[in-house]
Amino acid sequence: MAENKDNSQPEQEKNKVDFDFRAHEAPYFDAWMEQGSFRRSPGRGAHADESYTVVIPPPNITGVLHMGHALNNTIQDACIRRARMQGYQTRWVLGTDHAGIATQTKVDKKLSEEGVSRLALGREAFIEACYEWYGEYGSTIVSQLKAMGCSCDYDDEHFTLEPAYVKAVRKVFVDWYHDALIFRGKRIVNWCPSCTTAIADDEVEYIDEAGKLWYLRYPLAEPCEGTEYVVVATTRPETMLGDSGVAVSPKDARFKHLVGKAVRLPIVGREVPIVSDFVVDPDFGTGLVKVTPAHDQNDYAIGERAGLEKINVFDEGAHVVEGYGDLSGMGRDEAREAVVARFEELGLLDHVEEHPHNVMTCYRCHTKLEPWLSEQWFVAVDRLKAEAARVVEDGRVAFFPQRWKQVYLDWMENLKDWCISRQLWWGHRIPLFYCDACGWEDASMEDLTSCPVCAGALRQDEDVLDTWFSSQLWPFVTMGWSDEGMDAPELQQAYPTQVLSTARDIMGLWVARMVMSSMYFCDEVPFNQVLIHPTVMGADGKPMSKSRGNGVDPLRLMEDYGADGMRFGLLMQVTGSQDLKFNEAKLESSRNFANKIRNAARFTSMHLDGFVPGGPEAQTPVDRWIFSRLAGLVARLDQAFDAYEFGEATRELYAFFWNEFCDWYLEFSKGRLAGGGDDRAVCQRNLVFVLDTALRLLHPIMPFITEEIYQGLPCEKDAPYLINAAWPDARALAAYLDPRSERALVLVTEAVSAVRSARARYGISPKTALSVAVKAAGEDAALLEEQRQLLLDMANLSGLAIDADAAKPPEASVALVAGLEIYIDLAGLVDFAAERTRLEGEQKKAAADVQKLEAKLSNPGFLSKASPEVVEKDRARLAKTQGMLERIAAQLEEIG
RNA sequence: GGGCGUUUGGCUCAGCGGGAGAGCACUACCUUCACACGGUAGGGGUCACUGGUUCAAAUCCAGUAACGCCCACCA
């Protein structure tokens, strides 16, 4: 074993290859664009009347291509390209998302770097700045998709703030408002004091914090049975300013006598009641909980049940509001220290414990969130979610891998009302109009200025909608729903879409909501299938992140391995598992594979002098073999693609092209091509046929190199570009399936390998011709005889005897492979001491096998219960191994 | 606290009821006229552990352990 190996260091320098991938890729992309290959394809053949549509998960306009995009878009492009070749009417809908918080944060930062504050600028000018930013950077990712070779419909690109989209979002809001599915409520929301907006529950990120648990003494208003005070435990002492009660568990006998009594809050001096509530856990802390309904979800619920006051102690920036003396104006952390200090001074700080716990942070800026009571808009999900669950239960929307179905249903089941208002400027403004004079309000498709009741001035709601509110409409709005509803031709023709491919983390946020809104407005599922692809983790198995430094840039990967190499290498790593530990070595071998393809094509084209186009001809066993293998490959690939098993598909392609086509078929062809006449012509046509078919099968995953080679092929073509050529038909190819020829090639390749193996073992040069006798009978003998010349050439033999009674020459090495006995005459070439050692090793192994098989075959249970084929197979195996053992013994005796 | 996933050669992963596979790494030989991003031949694994089902278990079931992810109101 080698020592001091260090596999953790990626040797990027070593991976570098002097090859300009872009120069080979870009021209074909341009050609596809030019001839309109990315528009909806017209359809042909058996699927001519069926549509196949995919909508891209719209990347954020703030985004640059990361590994998640690279994988997801490779998957979608592979699906789309194959469907296009299969003859479906295909279209991949492209667009970007305005990404409310993300973009606003980014523009905000840019402005403040320029010394401009958003508030000073004002709403309109700020939105203007956002559009400017969009104009400058918004299409970065689209150009990166082009570099990857993604065959999106670039001529019809969408944006979640384009006019048609704005109209659609507004209609959805107005309709749901009038259908009582949107309501306003004063509730506890997750408030980000830095972004100064509410964010949804599922946008919260929890992080671990080494917090403390403070035990605070609250004096009773009236001492009770000798008790002067109660002790409450809290992780957030500063919120005690807003306490309006203390709660105990109804099951807790210790404090039963205190329920109904009151405590006097230190510092604020307010008297608040002690109540009982079932959510209190008597075993946590002291069993007494301070209740702050305005700053905690749970406390809010307790407060509702007990009729407690909701006292807001923070402003929107999380500073203590007026009325708390010198505490007013303090930030949360400062206020915490001050409150604790005050308790200490008053002798009311009982003790403090270490208490690690989770805190909620903003998924954008990671500021600690403040549960905050405020007025927000909500979508009432109860009516929507029933239908959205049903279509998944009954399979109208199918998940791949299947296990995500249950995850979806669980999420749906636990879904709570969705807070959709955001206190931002960049986004879809809520189309709700208020009359301050008479209190009239309504949602409206048009901007209203005067009250229809009292003619007073109206004002529009200041808030914008959650970005997901617009994203949920993506599948149908991008297909023309805004102006014509479901009558839009594209929707009529191509809805629902075929498959939605995404990462698991936005399944609830996005996938589920698309189903809800589509069922409501389109009365139709948005997609038939949902593909949840694995999440790309860093090489260390942890999520890629800047702070960890384990991130990988797809742009660099494309430079080093080409877009094809990156695509193939990524798909090689896709399995049914939920994570994918990124492995760059796979991209390297994919790049090498692309090089292999290039060279196989070069070899072919070098031998095409005098080529006459024509169909394939299964003339020799070798031809029949490769056609048979090809037919099997297409069938297995169809299965893999249909089940979205991309790792399987890449492995099949790799093994066929490299280990069968290149390693054997091309080698077999060399002799035929060097010869002349008819067989040479047949061989040329067959080579081109197999290569052409393989290119078609590879194209969805490696679009560039396959197109480049296809362009140079001299065969008759069904389309000028491979992107539009037909996908091989497994049913038609099945006629080539030929077990007999497959057996023949097993015999040949095994025999050739056996001779080569003997050569390597004894250091005999490939240039030294050897004499070989093969003991074979019946069908096998006939098959081998048919291919005598091939064996002579491939193994460099001076003589070959094939006979059922072939005798072993006195000084020969024997190989037992594929049921054959092969004698390789080594007279005068070999030291037989080494051969003895080798044979003894084989003897040991064979003896062990015989013992195992004999035990198995004397087991009555096995004989009576195992299927006859299995028993027969093992019998044959035993006979064969026993024969081997005898022969080895005989040889050993001979060698002496 | 629930749910899910993973555990197979040095590394990254396939296989998921009938004799352990791939890529990379490793060893030896080969600058052979498609390809050294290559060729040929090799070495390397009691399939996490413990029980169970079965004629037969890497594969199915139960439990254990480790790692990872998601959900949840322990103040």
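We name chains A, B, ... by the order of the sequence lines, and we start the count at 1 in each one.
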Distance check needed: [N] [atom2] versus [X] [atom1], whole Å only.
X: A/K416; N: B/rA72; atom1: NZ; atom2: C1'; value: 9 Å
X: A/M412; N: B/rC70; atom1: CE; atom2: P; value: 20 Å
X: A/E413; N: B/rA72; atom1: CD; atom2: P; value: 14 Å
X: A/W411; N: B/rC4; atom1: CH2; atom2: C1'; value: 18 Å
X: A/R591; N: B/rC24; atom1: CZ; atom2: C1'; value: 12 Å
X: A/K581; N: B/rU7; atom1: NZ; atom2: P; value: 10 Å
X: A/W664; N: B/rA34; atom1: CH2; atom2: C1'; value: 17 Å
X: A/L571; N: B/rC13; atom1: CG; atom2: C1'; value: 15 Å

Requested in this report: Report yes or no: does A/Q684 contribute a side-chain atom to a donor-acceptor pair with the main-chain N or O of A/H607 at less than 3.5 Å?
Outcome: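 Yes; at least one donor-acceptor contact below 3.5 Å.
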Can you confirm whether the side chains of [X] and [Y] place a donor and an acceptor under 3.5 Å from each other?
X: A/D410; Y: A/Q406; result: yes
X: A/Q882; Y: A/E854; result: yes
X: A/N595; Y: A/N599; result: yes

Closer than 4.0 Å, any side-chain N/O of [X] to the OP1 or OP2 of [N]?
X: A/T604; N: B/rA34; value: no
X: A/N592; N: B/rG38; value: yes
X: A/S753; N: B/rA41; value: yes
X: A/K670; N: B/rA34; value: yes

Applying a 4.0 Å non-hydrogen cut-off, can you work out what [X] is touching in the nucleic acid: base, sugar-phosphate, or nothing?
X: A/L863; answer: nothing
X: A/S867; answer: base
X: A/R759; answer: nothing
X: A/W658; answer: sugar-phosphate
X: A/L853; answer: base
X: A/K767; answer: nothing
X: A/T575; answer: sugar-phosphate

As a test of reading the structure: which of [options] is closest to the side chain of [X], going by heavy atoms?
X: A/K596; options: B/rA75, B/rA34, B/rA14; result: B/rA34
X: A/R756; options: B/rA75, B/rC35, B/rA41; result: B/rA41
X: A/V870; options: B/rG23, B/rA41, B/rG18; result: B/rG18
X: A/N595; options: B/rA75, B/rA34, B/rC37; result: B/rC37
X: A/F862; options: B/rC73, B/rC55, B/rG19; result: B/rC55
X: A/D663; options: B/rG68, B/rG39, B/rC55; result: B/rG39
X: A/A760; options: B/rA34, B/rC37, B/rA41; result: B/rA41
X: A/H607; options: B/rA34, B/rG23, B/rG19; result: B/rA34
X: A/Q578; options: B/rC4, B/rA34, B/rA14; result: B/rC4
X: A/A585; options: B/rG38, B/rG19, B/rC24; result: B/rC24

Query raised in the report: Starting at the 5' end of RNA chain B and moving along, which residue's nearest nucleotide shows up first, A/L878 or A/V752?
Result: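 The answer here is A/L878.
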**Report entry** First encountered from the 5' end of RNA chain B, between A/R877 and A/R651
**Finding:**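 Its nearest nucleotide lies further toward 5', so the answer is A/R651.
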Write down the distance separating the [atom1] atoms in [N] and [M], rounded off to the nearest Å.
N: B/rG15; M: B/rA62; atom1: C1'; value: 23 Å
N: B/rG5; M: B/rG44; atom1: P; value: 35 Å
N: B/rG18; M: B/rU59; atom1: C1'; value: 11 Å
N: B/rG9; M: B/rG45; atom1: C1'; value: 5 Å
N: B/rG10; M: B/rC4; atom1: C1'; value: 30 Å
N: B/rU27; M: B/rC60; atom1: P; value: 37 Å
N: B/rA48; M: B/rA20; atom1: P; value: 15 Å
N: B/rA56; M: B/rA14; atom1: P; value: 29 Å

Query raised in the report: Is A/E648 salt-bridged to A/R636, going by a charged N under 4.0 Å from an acidic O?
Result: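 Looking at A/R636 together with A/E648, the answer is no, because their closest N to O distance does not fall below 4.0 Å.
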Query - Approximate separation, where rounding is to 0.5 Å, of A/E584 CD and A/R591 CZ - result: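 Here the rounded value is 9.5 Å.
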Query raised in the report: If you write RNA chain B from 5' to 3' in dot-bracket form, with Watson-Crick or G-U pairs under 3.5 Å, [ ] for crossing pairs and | for pairs with another strand, what do you get?
Result: ((((((((.[[[[.)..(..]]]].(((((.......))))).....[[[[[..)....]]]]])))))))....
Report task. For A/L608 and A/P714, work out which heavy atoms get closest and say how close. Result ->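 Looks like CD1-CG, 3.6 Å.
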Query - For the student: nearest non-hydrogen atoms of A/T286 and A/V231, plus distance - result: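 So the minimum-distance heavy-atom pair works out to OG1-O, 2.5 Å.
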Query raised in the report: Can you name the residues that form a salt bridge (Lys or Arg N to Asp or Glu O under 4.0 Å) with A/R332, not counting sequence neighbours?
Result: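 Checked A/R332 against salt bridge (Lys or Arg N to Asp or Glu O under 4.0 Å); matches are A/E370.
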Query raised in the report: With a 3.5 Å cut-off and just heavy-atom distances, do the side chain of A/K586 and the base of B/rU12 make a donor-acceptor pair?
Result: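 Side chain to base: pair found, below 3.5 Å.
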Query raised in the report: Got a donor-acceptor pair under 3.5 Å from the side chain of A/E652 to the base of B/rA14?
Result: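 Between B/rA14 and A/E652, which were checked side chain against base, a qualifying N/O pair under 3.5 Å is absent.
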Query raised in the report: Would the number of heavy atoms belonging to other residues, nucleotides or ligands and lying under 6.0 Å from CD of A/Q851 be above 12?
Result: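 No, CD of A/Q851 has 12 or fewer neighbouring heavy atoms, counting only those of other groups under 6.0 Å.
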Query raised in the report: Would a line drawn from the ring center of A/Y644 to the ring center of A/H533 be shorter than 6.0 Å?
Result: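 Aromatic pair excluded; centres sit 6.0 Å or further apart.
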